[in-house]
Amino acid sequence: MTSGRSERAAGPALLAVRTAVRDLLAAHPALRGAPLVVACSGGADSLALAAATAHLARGRDLRVRARIVDHGLQPDSAAVAERAAAQLAELGIGDVRVLPVQVTGRGGPEAAARRARYAALDADRPDGGAVLLGHTRDDQAETVLLGLGRGSGARSIAGMRPWSPPWARPLLDVPRETTERACAEAGLVPWQDPHNGESRFTRVRLRTAVLPLLEDVLHGGVAGALARTARQLQDDADAFDELAAAVRAQVERGADLDATALAEHPPALRRRVLRGWLLERGVAEVSDAHLRSADALAGAWRGQGPHALPGGFVLRRTHGTLQVERGGRGTAGRVIGG
């Protein structure tokens with residue numbers, strides 16, 4: 001890979017971004033030699049990531065592409081995408097494409113844009129390679145706070161993982177201000193998304209109001225502490241997953257689960273077993289309330305009737321085993337035949 005931009009002496013911020021990318025590639029053998037797609041919005045985080053990745057690819061067996069998702073949410077979005085593409089080409093990335101998407105569906109514009117973006121990136125991975133995303137330590141802190149506010153459990157508070165195939169996030173320990181300085185050191189001009197100043201978006205309010213207040217009240221270091229909490233919980237989740245896999249191997253009876261054997265284990269392990277099992281049976285969006293009701297059929301069995309689950313599924317206990325089957329419409333979230 002050759003660079004169309006004259007090589008500058010790297011400053012400390014750019015070196016920090018390069019080190020973060022290099023460390024992630026070294027830590028995960030699956031990423032070595034595979035095609036790497038850098039997802040780039042034109043903002044500072046993804047431009048710095050692209051610059052670091054392009055630099056590391058020179059003289060190495062790294063195939064780097066770049067993809068720019070044009071959400072079409074602003075009148076000049078196509079021009080923004082083209083400016084980003086031009087800067088990526090100057091970095092020496094030869095395969096740069098703009099992916100236009102339609103932002104529609106449930107959950108508001110943030111969630112709809114995220115779904116459209118991830119779907120487009122996943123569909124355009126040459127040779128099934130990894131996609132590098134520019135999420136920073138600040139994004140991780142916001143994600144942890146969102147999980148806390150929603151009360152969605154340790155899995156959500158654990159935030160984003162550095163490597164969750166096909167998504168790679170090398171910058172989760174890098175502050176946003178470092179990526180901004182890295183772009184300045186590399187002579188890159190990042191795009192400033194006007195949506196980042198609109199308080200109607202939850203993440204913007206977390207970024208501009210909640211996190212600064214926490215930093216002030218707790219005398220700094222909050223973003224780093226939240227990111228460390230996420231890493232600790234990821235380690236805990238990995239350990240729990242291993243234990244849950246062992247328990248599931250003990251209690252699985254074909255497509256069903258032995259409820260009596262499952263009841264001998266702690267509730268946290270039971271629910272983790274149930275969650276994985278239900279997801280594999282096709283039950284999506286299993287909430288904490290659903291899991292606790294499902295767990296009661298094993299750990300607090302009193303002869304209760306079947307429990308309805310999202311997607312028209314029903315969980316029932318029959319002759320000491322838990323079974324999932326298709327149920328009727330409009331029954332999700334309540335017990336049938338209690």
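Numbering starts at 1 and runs along the sequence shown.
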Carefully, step by step, assess R117 and V101 under the rule side-chain contact (heavy atoms from CB on, under 4.5 Å).
CA-CA 7 Å; R117 178 167 62 253; V101 297; 6.0 Å; no
Are L322 and L278 co-members of a hydrophobic cluster defined by side-chain heavy atoms under 4.5 Å apart?
yes
To the nearest 0.5 angstrom, please state how far the NE2 atom of H290 sits from the CG atom of L274.
13.5 Å
Between S77 (side chain) and Q74 (backbone), is there a donor-acceptor pair under 3.5 Å?
yes
Donor-acceptor pair, D70 side chain versus A81 backbone, under 3.5 Å?
no
Could you label the plane-to-plane angle of the W167 and Y118 rings as parallel, tilted or perpendicular, counting under 30° as parallel and over 60° as perpendicular?
perpendicular
Dump the intermediate steps for side-chain contact (heavy atoms from CB on, under 4.5 Å) on S41 and V69, then the final yes or no.
CA-CA 7 Å; S41 66; V69 177; over 6 Å; no
Looking at residues at least two apart in the chain, or sitting in another chain, which of them share a ring-ring contact (aromatic ring centres under 6.0 Å, His included) with F240?
none
Which Ile, Leu, Val, Met, Phe, Trp or Tyr residues join W191 in one cluster when any pair of side-chain heavy atoms under 4.5 Å counts as a link?
V80
Just by modelled atom types, is the T318 backbone N or O under 3.5 Å from a matching donor or acceptor in the T321 side chain?
yes
Test of understanding: with salt bridge (charged side-chain N to carboxylate O under 4.0 Å, His left out), list the residues that count as partners of D95, not counting sequence neighbours.
R65, R67
Name all residues meeting the ring-ring contact (aromatic ring centres under 6.0 Å, His included) criterion together with W277; count only those two or more places apart in sequence or in a different chain, and write none if there are none.
none
In this structure, would L91 and V37 fall into the same cluster of hydrophobic residues linked by side-chain contacts under 4.5 Å?
no
From C183 SG over to L49 CG, what is the distance, rounded to the nearest 0.5 angstrom?
10.0 Å
Are there over 12 heavy-atom neighbours, none belonging to R205, within less than 6.0 Å of that residue's CZ?
no
Test item: R271 side-chain N/O and P266 main-chain N/O as donor-acceptor pair under 3.5 Å:
no
Looking at R248 and V273, would you say the former's side chain and the latter's main chain have a donor-acceptor pair under 3.5 Å?
no
Applying salt bridge (Lys or Arg N to Asp or Glu O under 4.0 Å) as the test, list every pair that has at least one member in residues 72-86; sequence neighbours left out.
none
Salt bridge (charged side-chain N to carboxylate O under 4.0 Å, His left out) partners of R106, counting only residues at least two apart:
E285
Strictly distance-based, threshold 3.5 Å: is any side-chain N or O of D139 a donor or acceptor partner for the main-chain N or O of T136?
yes
Using the rule that two of Ile, Leu, Val, Met, Phe, Trp, Tyr join whenever any of their side-chain heavy atoms come within less than 4.5 Å, decide whether V96 and L62 are in one cluster.
yes
Tell me, please, which residues at least two apart from R22 pass salt bridge (charged side-chain N to carboxylate O under 4.0 Å, His left out).
none
Side chain to side chain donor-acceptor pair (under 3.5 Å) pairs touching residues 218-235, sequence neighbours excluded, are D173-R231
Test your reading of the model: is there a side-chain donor-acceptor pair from Q87 to the backbone of V189, 3.5 Å cut-off?
yes
List, by chain and then residue number, the residues other than L206 in its hydrophobic cluster (Ile/Leu/Val/Met/Phe/Trp/Tyr, side-chain heavy atoms under 4.5 Å); write none if there are no others.
V144, L145, L146, L148, I157, V210, L211, L213, L214, V217, L218, V222, L226, L233
Rounding to 0.5 Å, atoms CG (D193) and NE2 (H71) come to a distance of 9.5 Å
Test side-chain hydrogen bond (donor to acceptor under 3.5 Å, both in side chains) applied to R316 and H307, E325, Q323, Q304, the passing residue
E325
Any sub-3.5 Å donor-acceptor pair from T179's side-chain atoms to A48's backbone N or O?
no
Partners meeting salt bridge (charged side-chain N to carboxylate O under 4.0 Å, His left out) with R317 (sequence neighbours left out):
none
Measuring from atom CG of L88 to atom CZ of R97, what distance do you get when rounded to the nearest 0.5 angstrom?
14.0 Å
Throw together a table of side-chain donor-acceptor distances under 3.5 angstrom for residues 128-135, partners on residues two or more places apart or in other chains.
{"residue": "H135", "atom": "ND1", "partner": "R169", "partner atom": "NE", "Å": "3.1"}

Criterion side-chain contact (heavy atoms from CB on, under 4.5 Å) on R137 and L172, from CA distance to verdict:
CA-CA 4 Å; R137 186 181 71 182; L172 289 180; over 6 Å; no
What pairs meet the side chain to side chain donor-acceptor pair (under 3.5 Å) rule with one or both residues in residues 207-216, with sequence neighbours excluded?
E142-R207, N196-R207
